[in-house]
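The figures that follow rest on heavy atoms only: side chains count, while hydrogens, waters and symmetry mates do not. On a predicted model such as this, the values are computed, not experimentally measured, just so you know. All ligand and atom numbering here is 1-based and tracks the order in the structure.
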Amino acid sequence: MAKTKKPDPRPVEPAGSLDEVRAAAQDCRRCDLWARATQTVFGAGAAHHAVMFVGEQPGDVEDRAGEPFVGPAGTLLREALTEAGFDRSDVYLTNAVKHFKWTPRGKKRLHEKPNRGEVLACRFWLEQEIAHIEPRAIVALGATAAQTVLGPSVRVLRDRGTPIASPLAPLVTLTVHPSSILRAPDAESRHAARRQFVADLRKIRKQL
Ligand code: URA
C-alpha cells in the first residue's frame with residue numbers, strides 16, 4: 001500500500017508517452033485494489049487539449065470492459081454531454097481511481113467507495129494523464145473526483161458549475177456524478193436531477 005500523503009496540486013512532468021503510461025498502469029500495484037479487479041481501467045478519448053471528465057472509479061461494467069463510463073452512469077453521461085453540445089471527439093473520460101472496488105452481495109458486485117489511501121495512490125496516473133493531455137478543462141464528477149482534483153475544501157452542491165482556480169488547467173470545475181442521478185428516489189426527481197446536470201454541462205461548455 002502506498003503511503004498516504006497530501007496531494008500536491010501542481011502539474012507534474014509527463015513520463016514517456018501516454019500509451020506507455022497506459023501500458024504501465026495495467027500492472028499497477030500502488031494499492032491493493034488490483035487484486036480483486038479484472039483489469040486497470042485507464043482513461044480514454046481525445047488526447048491533446050481535450051476536455052477531461054474525471055469520475056470516481058470504474059463500475060462493474062467498466063471493470064469487465066476495460067473502458068471508462070460504458071455502464072449505466074456512463075450512458076447517462078455520454079447522452080448528457082451530447083445534449084449539452086460537447087463534441088465527443090473533444091472529450092477524454094477517466095477516473096480518480098483506476099480499479100473497481102467492490103463488495104459481494106449474493107451474485108452481485110456492489111460498488112464500494114475508495115478510501116483516501118487508494119485515491120492518493122492512484123493520483124499518480126491521473127497526474128500523468130493531465131501532464132500528457134494538457135486539458136483545456138477538467139470537470140470533476142462527484143465528491144471523490146472533486147476532492148482528488150481540487151482538494152478537500154470543495155463542495156459539490158455548493159460549487160457545481162463554478163470555475164475554481166487551479167494550476168492544472170485553464171478551466172477546472174465540477175458537477176455531480178451521473179450515478180447520483182440514477183440513484184434519485186423517483187422518476188420526477190431523477191428527471192429534475194438530469195436537467196440540472198445537463199444545465200451544468202452547458203454552463204461549463206460556454207466557459208471553454
Ligand atoms: N462511474 C465512474 O465514476 N466511472 C466510471 O467509469 C463508471 C462509473
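Looking from atom 2 (C) of ligand 1 to the surrounding protein, the closest heavy atom is Q57 O, 2.9 Å. For atom 4 (N) of ligand 1, the closest non-hydrogen atom of the protein is N95 OD1, 2.7 Å.
The cluster map of Ile, Leu, Val, Met, Phe, Trp and Tyr, joined by side-chain heavy atoms under 4.5 Å apart, puts I181 and V54 in the same cluster.
Annotation for H191: atom NE2 does not count as buried by contact number, only 12 or fewer foreign heavy atoms lying within 6.0 Å. Around the CZ atom of R158, the shell of radius 6.0 Å holds more than 12 heavy atoms that belong to other residues, nucleotides or ligands.
Which parts of ligand 1 touch P68 is read off a 4.0 Å heavy-atom cut-off, strictly below it: atoms 6 (O). Close contacts of ligand 1 with G55, meaning ligand atoms under 4.0 Å from a residue heavy atom, involve 3 (O).
Put simply, the side chain of Q39 never gets that close to the backbone of Q26: no donor and acceptor are under 3.5 Å apart.
Residue contacts with ligand 1: H177 is included, with a non-hydrogen atom under 4.0 Å away.
The shortest N/O to N/O separation between F69 and ligand 1 falls below 3.5 Å.
In this structure, R109 is not positioned above the aromatic face of F100 in the sense of NZ or CZ being under 6.0 Å from the six-membered ring centre and within 45° of the axis.
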